[in-house]
Amino acid sequence: MFQKYDHRKIESKWQSFWEENVFYKVFEDEKKPKYYALEMFPYPSGNLHMGHVRNYAIGDVIARYKTMQGYNVLHPMGWDAFGLPAENAAIKNNVPPAQWTYSNIDNMRGQMKSLGIGYDWGREVTSCRPDYYKFTQWIFLKLYEQQLAYKKAAAVNWCPACQTVLANEQVVEGHCERCESPVEKRHLEQWFFKITDYAQRLLDDLDLLTGWPDKVKVMQKNWIGRSEGCEFSLEIEDFGEKITVFTTRPDTVFGVTYMVLAPEHPLAERLVSGTPYENGVSSFLENIKSISAITRTSGDIAKEGVFTGRYAINPMNGERIPIWLANYVLMDYGTGAIMAVPAHDQRDFEFAGKYNIPVRVVIKGEDFPEEDVRLTEAYLGDGQMVNSGLFDGCTAEEGKKKIIAYMENNQIGRGSVNFRLRDWLISRQRYWGAPIPIIYCPVCGAVPVPESDLPVLLPEDVEFKPNGKSPLNYVADFYKCACPVCGQEARRETDTMDTFVCSSWYFERYCSPHTADVPFSKKAADYWMPVDQYIGGVEHAILHLMYARFFTKFLYDQHMLSCQEPFSNLLTQGMVLKDGSKMSKSKGNVVSPEEIITAYGADTARLFILFASPPEKDLEWSDQGVEGAFRFLNRVWRLVGEYAELIQDGGQSSGGFEDNESGALRYKMHAVIKKVTEDVQERFNFNTAISSIMEFCNALNGYREHERHNLPLIKEALNNLVLLLSPFSPHICEEMWRLLGHEDSVHQQAWPVFDPEALIQDQVEIVIQISGKVRDHITVSSQADEKEIENLALARPKIKEILRNKNVVKVVIVPKKLVNIVAKQAEESEKSI
RNA sequence: GCCGAUGUGGCGGAAUAGGCAGACGCGGCGGUCUCAAAAACCGUUGGAUAACUUCCAUGCCGGUUCGACUCCGGCCAUCGGCACCA
């Protein structure tokens with residue numbers, strides 16, 4: 001008699017076995033095709049949540065499946081271990097961030113092992129360890145060498161709660177991405193990475209990413225925000241200076257009736273100083289400053305402006321146009337100044353309406369009376385140029401090109417391109433991050449730390465109270481140093497790097513995690529990179545994925561990598577919900593993975609989470625659903641257990657006879673192999689793959705009811721059942737594989753292959769429709785030709801009955817599927833004749 | 001406002017190239033076993049109808065087609081991204 005399914009015993013047994021045998025260790029093997037499966041490495045918050053479980057379960061199925069398909073699979077895991085929560089916990093509990101972080105890592109590593117995820121733990125990477133951040137700093141130095149890391153004073157996003165600056169990408173609707181406090185603007189000197197130099201490539205190469213969801217590519221495209229147009233300068237009357245503007249609509253340049261500078265524009269105050277307009281302008285600027293931080297980010301605000309009393313000259317027609325300041329022009333896009341064309345730009349139209357500025361139509365659409373300038377809104381459509389001198393009659397599209405050419409020939413301006421993407425602000429005024437490897441010398445200025453002095457170690461014994469300055473400011477042992485160039489007493493940079501810097505290259509480190517002289521070996525990276533399948537939450541669609549692409553392109557340019565894109569295929573998994581909303585402590589709807597694993601086992605948890613929904617969609621947690629998955633594993637267990645002994649001794653002697661039931665089972669077996677293979681490989685639809693394994697199990701249970709058993713067939717079917725299920729629920733399958741008499745691991749077997757011959761049926765069921773509605777079914781030989789099928793269908797008594805008093809107009813036949821008889825009422829068709 | 005996605009039983013979801021709507025699982029109902037219950041197993045389960053039957057059903061309205069969850073046009077709702085980007 002076989003034993004009850006004891007998930008605890010089975011899972012701990014095989015977890016130890018895999019660990020003791022270093023089962024998932026991989027190395028570069030030129031004889032095998034490689035496959036790199038990667039899940040986003042987690043922040044070590046302390047415990048896995050269901051989102052992690054889902055992420056790793058998906059990755060593990062893919063990794064195990066590819067291994068069985070004969071690939072040499074790299075499947076690593078690590079820790080995105082720098083960051084604010086460690087500091088906050090440290091402040092709260094008075095535990096050093098390092099200690100907090102490392103103990104969380106130990107705990108979470110244990111949880112991952114208890115899920116039975118097949119990682120090569122020999123490649124574990126931890127971004128807060130000196131052997132890792134040494135190379136984060138090393139890459140910083142390379143960027144600095146190429147002038148892609150630079151320091152500048154700028155208006156930056158400041159989170160008052162986190163007491164640090166944030167990158168543009170970390171500001172969501174004016175609020176801190178992490179703590180949701182409203183973000184303020186501060187003028188500070190900070191380190192930036194010049195990601196804008198890569199804007200065009202980051203945009204163009206999205207086309208190479210055929211394995212990415214369109215949704216993510218569109219988000220990145222919008223974030224990069226390329227617009228094409230031109231820049232030109234306007235002379236300021238009686239001022240002796242010029243203002244440069246950027247526009248995407250040079251075709252409307254004859255429609256300019258005013259121009260606008262951003263309130264922060266350096267010329268703004270100088271234009272009015274000593275003029276009667278000075279007071280008006282400065283009170284306007286004061287006003288803007290006081291509301292801008294909060295209100296300018298939150299929803300619609302009315303357009304407001306002030307006239308400077310100054311005029312500029314439109315270089316195309318010599319017209320004098322008034323210069324305004326207005327709140328709707330942003331300093332950090334384009335040149336911070338615009339030409340305003342109220343007739344053809346809605347914002348300018350609204351502003352002109354409010355301040356009684358003329359509107360001049362210069363693009364005439366179809367059915368658009370030339371005289372009528374009383375527009376109710378800006379005209380944004382295509383049309384012919386009018387009121388535009390030499391250019392009258394051109395289409396807007398031609399006009400753009402011609403005017404740019406004219407400006408270039410007459411040295412008025414030039415074609416140019418603008419991006420919304422800003423440089424990446426990487427300084428953080430916090431402790432728990434990789435120190436920026438720069439030294440400030442009173443004589444030599446900013447000096448990079450020599451490569452041989454890396455890593456710049458983060459001191460461990462530190463007071464880490466946040467007060468807007470990095471805690472490293474108060475650690476003399478840290479900041480006091482000698483200038484590497486002249487030897488004078490100097491001071492280290494005390495800001496640390498944004499944690500997104502650390503996570504922008506970890507997938508390359510996995511390729512050779514122990515190299516000590518370079519971030520990763522080129523040879524190993526050439527073998528493993530790019531990542532064949534990356535899996536993670538869609539919340540990283542912009543931040544992490546953009547930064548990681550940027551780093552990969554930079555490292556490619558440094559000849560350290562041979563690929564230009566890090567991730568060939570991307571799967572963005574949905575969230576795990578409970579009662580319709582995301583699991584969170586505040587809502588009290590959290591289901592802990594540990595509890596589920598203890599009660600039902602990792603195999604059940606994984607099976608449920610993969611079965612409940614396709615991976616891209618959100619998943620609704622269901623306790624009953626988990627029970628269902630558990631029941632299914634119990635059914636499989638019993639099925640295998642009950643047959644195991646029979647097969648062991650009787651498998652060979654009992655004949656391989658073929659009756660109808662056996663034929664049906666054989667057919668089902670091959671159909672299921674085909675279905676599961678396609679679902680896993682081509683669509684990642686694990687839910688339907690599992691459902692067809694369930695069907696197969698049901699079929700096997702049904703077959704058991706019959707009196708005669710074809711034991712060799714059953715043996716084959718059970719072997720295949722266990723093989724197909726093994727990527728999803730690895731422990732129970734490992735155990736059942738041994739019960740079926742095998743000596744080796746199920747996870748090292750070849751994936752089953754279906755036999756197309758076995759899927760050819762001599763009889764097929766065909767649907768009979770009358771005018772598109774199903775009325776009957778017939779079973780015919782799969783060889784039957786169309787005429788035969790038609791005759792058989794028309795001969796069915798039920799069909800005859802329905803067709804009485806009707807004329808058959810047409811018969812449509814789809815081979816092996818259906819026959820549709822189109823019929824009309826007899827009277828009607830007579831009438832129509 | 002712009003861009004994108006989604007909408008199917010009581011629930012999660014299936015229908016992969018326009019061809020049987022509701023696979024598989026959950027829940028419900030009925031049964032077997034049991035002193036009883038749980039577990040397990042078997043049957044049943046979109047709605048309407050007494051019904052073999054028939055009719056109605058894939059957010060709503062229309063269209064194309066022999067045939068539409070699937071394609072086209074127009075709405076509605078929900079979710080996500082961006083949001084004065086010149």
Side-chain angles (χ1 to χ4, degrees), chain A residues 172-174 213-223 225-227 229 245-249 252 259-260 262 296-297 299-303 326-330 332-341 344-348 350-351 418-422 538-539 541-542 575 577 607-608 611-614 616-629 631-632 634-635 638 675 678-679 682-683 685 687-698 701 705 765-777 798 809-814 816-823:
Chain A
V172 178
E173 290 174 358
D214 286 339
K215 176 174 65 170
V216 174
K217 288 192 278 187
V218 167
M219 279 192 232
Q220 293 220 348
K221 192 177 170 212
N222 292 341
W223 192 264
R226 182 183 199 272
S227 11
V245 298
F246 170 75
T247 181
T248 55
R249 294 295 304 273
T252 64
M259 65 175 297
V260 186
R296 265 176 112 177
T297 48
D300 281 325
I301 50 162
K303 291 179 178 49
N327 61 354
Y328 74 98
V329 173
L330 310 171
D332 57 359
Y333 182 77
T335 62
I338 61 156
M339 66 175 216
V341 184
H344 304 295
D345 181 289
Q346 187 57 28
R347 294 154 302 180
D348 298 345
E350 285 166 25
F351 190 81
N418 251 293
F419 294 95
R420 283 193 33 187
L421 184 71
R422 303 293 138 78
V538 72
E539 65 273 16
I542 296 170
M575 289 187 299
L577 310 177
L607 191 73
F608 165 71
F611 176 64
S613 179
E616 303 87 350
K617 279 201 178 176
D618 287 349
L619 179 155
E620 178 67 33
W621 184 266
S622 149
D623 291 332
Q624 283 108 347
V626 177
E627 301 235 16
R631 275 203 288 273
F632 169 68
N634 273 285
R635 276 203 294 278
R638 275 199 304 276
K675 169 83 176 149
E678 287 170 358
D679 279 353
E682 284 154 35
R683 309 195 301 154
N685 279 12
N687 55 333
T688 52
I690 293 167
S691 80
S692 56
I693 296 173
M694 288 172 169
E695 283 181 52
F696 186 33
C697 181
N698 293 345
N701 264 323
E705 304 295 311
E765 193 181 54
I766 284 187
V767 172
I768 306 175
Q769 296 182 338
I770 291 176
S771 302
K773 294 201 170 182
V774 180
R775 297 298 175 186
D776 204 359
H777 295 84
K798 198 172 156 191
V809 180
K810 189 176 172 184
V811 178
V812 181
I813 293 175
V814 182
K816 296 181 189 175
K817 270 202 179 133
L818 67 79
V819 37
N820 186 12
I821 300 159
V822 186

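This is a predicted model, so every value here is computed, not measured. Every chain is numbered from 1 and lettered A, B, ... according to where its sequence line falls, protein lines coming before strand lines.
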Length of the line joining A/Gln624:CD and B/rG28:P, which is rounded to integer Å: 8 Å
Selection from B/rA86, B/rG19, B/rC20 that lies nearest to any side-chain heavy atom of A/Ile338: B/rA86
Same-atom distance (P) from B/rG12 to B/rG7, integer angstrom: 12 Å
Nearest-angstrom distance from the residue atom NZ of A/Lys217 to C1' of B/rA5: 16 Å
A/Lys810 vs B/rC66: side-chain N/O to OP1/OP2 distance below 4.0 Å: yes
B/rC76 versus B/rC56 - spacing of their P atoms, nearest Å: 29 Å
Any N/O donor-acceptor pair, A/Gln769 side-chain to B/rG19 base, under 3.5 Å: yes
B/rU64 and B/rA68, which share atom name P, separated by this distance in whole Å: 11 Å
Atom-pair distance (CD1 on A/Ile813; P on B/rG67), nearest Å: 17 Å
A/Thr688, nearest nucleotide to its side chain (from B/rG19, B/rA86, B/rA15): B/rA15
Sugar-phosphate, base or nothing in reach of A/Glu765, heavy atoms under 4.0 Å: base
Sugar-phosphate, base or nothing in reach of A/Asn687, heavy atoms under 4.0 Å: sugar-phosphate
Any A/Arg420 side-chain nitrogen or oxygen under 4.0 Å from OP1 or OP2 of B/rA86: no
Nucleotide B/rU78, atom C1' - distance to CG of A/Asp618 in whole Å: 12 Å
A/Arg775 side chain near B/rC20 phosphate (N/O to OP1/OP2, under 4.0 Å): no
Separation of atom CE in A/Met219 from atom P in B/rA83, rounded to whole Å: 13 Å
A/Val774, nearest nucleotide to its side chain (from B/rG25, B/rC66, B/rC20): B/rC20
Closest to the A/Thr248 side chain, choosing from B/rG25, B/rC66, B/rA86: B/rA86
Gap separating the CZ atom of A/Arg638 from the SG atom of A/Cys697, nearest 0.5 angstrom: 9.0 Å
Heavy-atom check, side chain of A/Lys816 versus side chain of A/Ile766, under 4.5 Å: no
Distance-minimising heavy-atom pair for A/Met219 and A/Ala541: SD-CB, 3.8 Å
Spacing of A/Glu682 atom CD relative to B/rA17 atom P, expressed in whole Å: 10 Å
Spatial distance of atom CD (A/Glu616) from atom CG (A/Asn685) [nearest 0.5 Å]: 6.5 Å
Nucleotide nearest A/Leu818 when distance is taken to its side chain, options B/rG19, B/rC20, B/rC66: B/rG19
Sugar-phosphate only, base, or nothing, as touched by A/Asn698 at under 4.0 Å among non-hydrogen atoms: sugar-phosphate
Complementary nucleotide of B/rA14, counting Watson-Crick and G-U pairs under 3.5 Å: none
N or O in side chain of A/Asn222 less than 4.0 angstrom from B/rA83 OP1/OP2: no
Pair partner, B/rC2 [Watson-Crick or wobble, under 3.5 Å]: B/rG81
Sugar-phosphate, base or nothing in reach of A/Gly628, heavy atoms under 4.0 Å: sugar-phosphate
Per A/Asp345 side chain, nearest of listed nucleotides B/rG25, B/rA86, B/rG19: B/rA86
Under-4.0 Å side-chain N/O to phosphate OP1/OP2 contact, A/Arg631 with B/rA39: no
Gap between atoms NE2 and P, on A/His777 and B/rA21 respectively (whole Å): 8 Å
Euclidean distance, A/Met694 CE relative to A/Asn701 CG, rounded to 0.5 Å: 13.0 Å
Whole angstrom value for the distance that separates C1' of B/rA86 from CZ of A/Phe351: 14 Å
Minimum side-chain heavy-atom gap A/Glu627-A/Phe608 below 4.5 Å: no
Partner nucleotide, any strand, of B/rG9 [Watson-Crick/G-U, under 3.5 Å]: none
Base B/rC84 to side chain A/Lys303, donor-acceptor N/O within 3.5 Å cut-off: yes
Nearest-Å distance once atom P is located in both B/rC71 and B/rC20: 15 Å
Contact under 4.0 Å: A/Lys215 side-chain N or O vs B/rC82 OP1/OP2: no
Spacing of CG belonging to A/Asn698 relative to CD1 belonging to A/Ile693, to within rounding of 0.5 Å: 12.0 Å
Interatomic distance at P, B/rA77 relative to B/rA83, whole Å: 25 Å
Nucleotide opposite B/rA40 in a Watson-Crick or G-U pair, distances under 3.5 Å: B/rU32
Distance test, side-chain N/O of A/Ser692 to OP1/OP2 of B/rA23, below 4.0 Å: no
Distance, P atom - from B/rU70 to B/rA17, rounded to whole angstrom: 15 Å
Toward the 5' end of RNA chain B, by each residue's nearest nucleotide, A/Gly625 or A/Val218: A/Val218
A/Arg635 vs B/rC42: side-chain N/O to OP1/OP2 distance below 4.0 Å: no
Pairwise distance CD(A/Glu350) to CG(A/Asp345) - rounded to 0.5 angstrom: 9.0 Å
Atom P, compared across B/rC72 and B/rG19: separation rounded to whole Å: 15 Å
Distance, C1' atom - from B/rU45 to B/rC35, rounded to whole angstrom: 32 Å
Reported OG1-to-CG distance for the pair A/Thr335 and A/Asn418, which is rounded to 0.5 angstrom: 8.0 Å
Along RNA chain B (nearest heavy atom to each residue), the more 5'-positioned of A/Gly336 and A/Lys617: A/Lys617
A/Arg638 vs B/rA39: side-chain N/O to OP1/OP2 distance below 4.0 Å: no
Nucleotide nearest A/Ile542 (side chain, heavy atoms from C-beta), chosen from B/rG81, B/rA23, B/rA86: B/rG81
Touch class at under 4.0 angstrom, heavy-atom based, for A/Val812 against every strand present: base
Among B/rG19, B/rG25, B/rC82, the one nearest A/Trp223 by side-chain distance: B/rC82
Residue matched to B/rA48 through Watson-Crick or wobble contacts both under 3.5 angstrom: B/rU54
Side-chain N or O of A/Asn327 closer than 4.0 Å to phosphate OP1/OP2 of B/rC84: no
For B/rG74, glycosidic torsion class - syn if within 90° of 0, otherwise anti: anti
A/Phe351 and A/Tyr328 aromatic ring geometry - parallel, tilted or perpendicular at 30°/60° bounds: tilted
